[in-house]
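Letters go in sequence order (proteins before strands), and every chain restarts at 1. As the structure is a prediction and not an experimental result, all values here were calculated from the model.
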2 protein chains.
Amino acid sequence: MLENRIRCKKLMDKIMSPDEAAMLFETGMTVGTSGFTPAGYPKAVPIALGRRAERGDKLELTLLTGASVGDELDGVLSRAGIIKKRYPYQTNSSIRNSINEGNIEYCDIHLSNFSQYVKYGFLEEIDIALVEAVAINEDGGIIPSTSVGNANIYVEKADKVIVELNVSQPIELEGMHDVYSPKNPPYRDVIPILKAGDRIGTSYIPCNPEKIAAIVITDIMDADKKLSPVDDISNKIAENLIDFLDNEVKHNRLPENLLPLQSGVGSVANAVLAGLIYSKYENLSVYSEVIQDTVLDLIDCGKVSVASATSLTFSRNKQEHFYKNIDQYKKKIILRPQEISNNPEVIRRLGVIAINTAIEVDIYGNVNSSNIMGSRIMNGIGGSGDFARNSYISIFVTPATAKEGTISCIVPMVSHCDHTEHDVQVIVTEKGVADLRGLSPKERAKAIIENCTYGEYKEMLKDYYKNSLESCKYKHTPHNLEEALSWHVRYMKTGSMRI
Amino acid sequence: MLENRIRCKKLMDKIMSPDEAAMLFETGMTVGTSGFTPAGYPKAVPIALGRRAERGDKLELTLLTGASVGDELDGVLSRAGIIKKRYPYQTNSSIRNSINEGNIEYCDIHLSNFSQYVKYGFLEEIDIALVEAVAINEDGGIIPSTSVGNANIYVEKADKVIVELNVSQPIELEGMHDVYSPKNPPYRDVIPILKAGDRIGTSYIPCNPEKIAAIVITDIMDADKKLSPVDDISNKIAENLIDFLDNEVKHNRLPENLLPLQSGVGSVANAVLAGLIYSKYENLSVYSEVIQDTVLDLIDCGKVSVASATSLTFSRNKQEHFYKNIDQYKKKIILRPQEISNNPEVIRRLGVIAINTAIEVDIYGNVNSSNIMGSRIMNGIGGSGDFARNSYISIFVTPATAKEGTISCIVPMVSHCDHTEHDVQVIVTEKGVADLRGLSPKERAKAIIENCTYGEYKEMLKDYYKNSLESCKYKHTPHNLEEALSWHVRYMKTGSMRI
């Protein structure tokens with residue numbers, strides 16, 4: 001069976017145990033791994049690194065990935081105190097806690113840009129690329145598993161490459177990937193993708209076999225992506241969003257089959273796409289970072305004809321369904337490096353409809369998607385900025401309130417800004433839709449408060465806006481800077497934003 | 001002489017006086033004009049509109065331009081109370097005051113995106129396109145003058161076109177423009193610019209001659225762009241910036257002739273480019289919005305071999321010099337629509353070095369470039385977001401202090417955010433350079449305070465950071481939200497940010 005997966009015979013003698021491979025790492029190294037969401041990330045070697053640290057070996061690493069990864073990587077290494085610095089995105093609770101405790105330096109970066117940081121030489125050199133694969137070709141070419149992420153960049157740039165050959169990942173994934181790496185300026189060419197389904201690269205990551213220092217055989221499965229059950233609020237948000245899209249089609253601002261869809265990762269985003277299953281739309285396409293459960297449903301029911309992303313992340317049931325029908329899905333799914341899945345050039349050309357989730361939105365349309373109460377990292381900006389700014393239309397969704405109503409997700413001023421007023425065109429809550437296109441700040445405030453909020457917070461926001469408009473000498477973006485962040489301060493003191 | 005400029009004979013009978021043309025406007029109309037900086041904007045008809053309003057005619061218009069324009073347009077119309085709403089950028093003191101007084105609704109939008117707002121049908125339909133030209137071709141094609149801006153979009157979309165044929169603009173400008181308008185998705189193609197100097201379009205704006213409702217002959221010159229004399233602080237900022245670029249070249253992170261340069265409009269940006277005149281660099285290129293005085297100097301001394309922009313804006317002396325040598329400059333200068341000069345696809349492909357000006361920067365690297373003290377509009381975001389996010393490297397320059405030291409341009413938290421921490425890689429003040437690439441928020445705070453500030457404010461920032469780090473429970477982006485905006489509050493109360 002291994003002959004089918006290690007096609008370069010001379011690499012057979014590079015097979016070693018995870019613990020042996022773990023000994024190739026030295027403290028101070030910079031390590032780039034595959035993985036984007038809990039999909040296609042290395043598992044056996046990180047677990048062995050954790051064991052090595054437990055044995056008392058001092059080991060501090062700078063860790064670069066595609067985006068978030070599973071607990072075997074971020075969880076194990078952060079709990080073992082191995083991660084000194086982390087780029088460019090995470091969602092794991094252990095590492096998040098370490099960052100918020102000040103024990104790990106974390107720098108979150110637009111997911112399309114991070115590859116450029118590496119390729120332009122803006123960061124330390126990559127010592128080791130650690131990548132999961134389903135097979136290695138005769139010439140060393142590495143066939144990724146359930147994500148591409150930045151694996152191709154790290155393999156290109158690293159001194160040494162360690163491959164986790166994961167036999168739990170079906171060999172039939174081969175042919176689903178499309179690996180393409182733009183040259184650096186001034187030699188960069190056009191990225192010739194004109195439709196979501198266009199293929200422009202290779203089915204493998206090119207790699208000089210001499211660089212492959214170890215091959216570790218593993219069968220640890222990708223973690224499943226647990227999604228909260230779709231609740232009433234998510235359903236209502238999805239309904240409001242689809243009404244909005246219907247109206248755009250009706251007024252000829254969108255074609256009958258819409259334009260390629262992007263949606264962020266998580267339960268609300270998943271619910272929004274689920275809402276399309278019973279819609280009138282046909283022949284939809286997806287140009288996104290991640291393919292989640294509902295995209296398979298949309299393919300199954302014939303609504304989506306092609307889906308492009310950098311990662312496949314499913315709940316356990318859906319993963320089994322995917323594996324069973326992989327040959328069918330392979331005709332409709334393309335996995336690209338995140339430099340391409342999230343590329344501004346392609347997103348703007350295709351006219352992607354961007355649907356991202358906000359932590360909080362302010363009355364002038366600025367969005368916080370990363371730092372709770374201004375300081376506490378949740379996940380990071382991820383790819384939301386790649387899509388929002390370059391999209392055909394940029395939509396942000398959020399429930400109107402959070403934490404049993406103790407937090408209003410619409411606030412006078414965001415406590416941290418990831419998406420400025422210039423990049424936010426539509427806000428959708430369970431209450432309704434604020435269409436901000438072409439509105440001045442004051443017009444936006446009225447639309448957001450009126451359409452997206454309700455109850456006590458709505459009255460409080462009206463008061464804040466009215467008082468600011470009256471008291472502020474300058475009436476372009478009226479604020480009372482003594483009160484602008486007072487809701488957050490109150491929450492931290494009393495546990496509620498309510499007065 | 002007019003035969004040379006109005007080459008479509010049947011249009012000769014459309015010639016009328018500015019006052020006659022002004023009667024074509026009706027209250028409630030949406031008007032799109034040429035103009036980007038005080039260059040290539042209509043002048044005679046707006047002045048006539050002002051006269052019409054003075055006569056008591058009620059006239060309220062929504063005004064769309066390329067960017068800022070001269071006083072004959074923004075100044076006259078706003079003082080006459082004609083502008084109800086304004087997009088997407090301004091710098092004129094009369095209109096700025098009206099906006100800040102709450103009398104004009106103003107919506108500033110990324111300058112590359114605004115054309116899409118119009119083309120996608122996100123705004124009201126354009127009733128009249130009012131554009132300055134040097135000539136009209138046999139087939140109605142309009143040859144712009146000293147800028148292109150959004151003129152091509154407005155001509156395409158408007159019901160009626162009014163041309164101000166400006167005979168003070170030399171006919172030799174013909175051939176300098178390169179007009180190209182991408183189709184809307186899903187039919188959009190690649191924008192095939194691979195080098196700053198590539199030409200991909202036509203030398204004129206296509207126009208059905210039937211749409212031309214009036215031709216007004218004028219000889220009012222473009223306003224001159226007054227630049228403050230280069231002062232010690234600007235010189236020092238320029239010196240620090242060039243040192244930084246030298247170091248990038250030394251470490252092979254930039255080629256010997258750098259990459260195409262973009263620099264914002266204004267005195268500091270002009271000084272920065274002036275600093276290159278005595279540098280070692282050769283064969284430079286410019287891919288920017290605006291060509292200012294120093295770009296001509298750089299062409300004259302052989303440092304710049306090609307410059308692409310959407311506008312030419314000079315001081316009076318330099319304008320005369322330009323006109324005198326226009327045939328030489330025509331070989332090296334290209335004027336494009338702002339949808340192309342500021343296009344993310346092209347900026348990222350070419351690897352533009354983006355140099356923009358900040359109003360204030362916070363210790364975590366967020367930049368305010370539009371709203372003073374959170375509420376008072378200065379100009380707007382302009383094209384800075386198009387360039388910063390898509391650049392090879394994103395640099396922001398600012399003096400460390402403003403208003404005789406009563407304002408620190410480095411603050412604990414920006415009072416408005418136009419460029420998030422994710423889009424700001426390097427900060428340069430007269431004190432030094434903070435290279436933020438790959439730094440976590442806490443590392444950024446240390447670099448910015450240490451390298452970019454001095455004196456009393458430096459100590460105050462150190463205190464704020466230290467106290468926040470100690471008191472804040474979450475240590476990713478430590479803030480004290482009760483104090484974060486207190487410097488701005490103090491300035492508004494006492495006239496100084498100093499304690």
Side-chain angles (χ1 to χ4, degrees), chain A residues 85 99-102 105-107 109-110 117 120-123 184-186 188-190 192 194 252-253 255 259 344-345 348-351 366 371 373-377 381 385 389-390 392 415-418 420 422 437-440 442-443 472 474-479 481-482 484-485 488-489, chain B residues 85 99-102 105-107 109-110 117 120-123 184-186 188-190 192 194 252-253 255 259 344-345 348-351 366 371 373-377 381 385 389-390 392 415-418 420 422 437-440 442-443 472 474-479 481-482 484-485 488-489:
Chain A
K85 193 156 190 177
I99 295 165
N100 282 319
E101 285 158 11
E105 297 304 315
Y106 170 52
C107 186
I109 298 182
H110 299 299
Y117 269 74
Y120 296 171
F122 290 173
L123 301 177
N184 286 355
R188 184 167 289 179
D189 209 337
V190 162
L194 295 176
N252 296 313
R253 290 189 291 263
L259 284 166
E345 170 176 340
R348 184 142 165 167
R349 184 183 301 140
L350 300 185
N366 301 284
N371 279 258
M373 305 297 146
S375 295
R376 181 185 185 181
I377 192 71
I381 191 168
R389 181 163 300 175
N390 298 296
Y392 185 91
S415 58
H416 181 91
C417 186
D418 293 293
T420 73
H422 314 285
R437 289 174 293 178
L439 300 191
S440 71
K442 291 194 292 293
E443 292 168 335
C472 189
Y474 300 103
K475 303 195 189 300
H476 178 58
T477 314
H479 263 305
L481 294 187
E482 288 186 88
L485 298 173
H488 301 86
V489 171
Chain B
K85 191 156 192 178
I99 295 165
N100 282 318
E101 285 158 10
E105 298 303 316
Y106 170 52
C107 185
I109 298 180
H110 299 299
Y117 270 73
Y120 295 170
F122 290 175
L123 301 178
N184 286 355
R188 183 167 289 178
D189 208 337
V190 162
L194 294 177
N252 296 314
R253 290 189 291 262
L259 284 167
E345 170 176 340
R348 183 141 167 169
R349 183 183 302 140
L350 300 184
N366 301 284
N371 279 258
M373 304 297 146
S375 295
R376 180 185 184 180
I377 192 71
I381 192 168
R389 181 161 301 174
N390 298 295
Y392 185 93
S415 58
H416 182 90
C417 186
D418 293 293
T420 73
H422 315 284
R437 288 173 294 178
L439 300 191
S440 71
K442 291 195 291 294
E443 292 168 334
C472 189
Y474 300 103
K475 303 195 190 300
H476 178 59
T477 314
H479 263 305
L481 294 187
E482 288 186 88
L485 298 173
H488 301 86
V489 171

For [X], is it the side chain, the backbone, both or neither that has a heavy atom under 4.5 Å from a heavy atom of chain B?
X	answer
A:D189	both
A:Y392	both
A:P478	backbone
A:L123	side chain

Exercise. With side chains defined as the heavy atoms from C-beta onward, is the minimum distance between B:V190 and A:L194 less than 4.5 Å?
Worked result: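 Yes, at least one pair of side-chain atoms sits under 4.5 Å.
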Problem set entry | Side chains of A:T420 and B:T420 in contact at under 4.5 Å (non-hydrogen atoms) | yes
Exercise. Is the backbone N or O of B:R389 less than 3.5 Å from a side-chain atom of A:R389, with the two atoms forming a donor-acceptor pair by type?
Worked result: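 Answer holds: no.
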Quick one: which of [options] has the most heavy-atom pairs under 4.5 Å with chain A, could you say?
options	result
B:L350, B:I109, B:I381	B:I381
B:E443, B:H488, B:M373	B:E443
B:G385, B:G438, B:C472	B:G438
B:K475, B:H416, B:R349	B:R349
B:S415, B:G351, B:P344, B:G102	B:P344

Problem set entry | From B:H422 atom NE2 to A:C107 atom SG, the distance as rounded to the nearest 0.5 Å | 9.0 Å
Problem set entry | Ionic contact status for A:R348 with B:E345, cut-off 4.0 Å |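 Between A:R348 and B:E345 there is no salt bridge, as every charged N stays at least 4.0 Å from the carboxylate O atoms.
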State, to 0.1 Å, how close [X] and [Y] come at their nearest heavy-atom pair, and which atoms those are.
X	Y	value
A:Y120	B:R253	O-CG, 3.6 Å
B:H479	A:S375	N-OG, 3.2 Å
A:L439	B:K85	CA-NZ, 3.9 Å
B:P186	A:P255	CD-CG, 4.3 Å

Would you mind checking which part of [X] comes under 4.5 Å of any heavy atom in chain A, side chain (CB onward), backbone (N, CA, C, O), both or neither?
X	value
B:C417	both
B:L259	side chain
B:Y106	both
B:D418	both

Problem set entry | Check: B:N371/A:H476 side-chain N/O donor and acceptor closer than 3.5 Å |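 On atom types as modelled, these side chains do not qualify, holding no pair under 3.5 Å.
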For this session: Identify which of A:V489, A:N184, A:N390 forms the greatest number of heavy-atom pairs closer than 4.5 Å to chain B.
Result: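 Among the listed options, the one with the most contacts to chain B is A:V489.
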For this session: Heavy atoms only, distances under 4.5 angstrom: which of A:N366, A:I377, A:N252 has the most pairs with chain B? Name it, please.
Result: A:I377
Problem set entry | salt bridge (Lys or Arg N to Asp or Glu O under 4.0 Å) against A:E101, all qualifying residues, sequence neighbours excluded | none
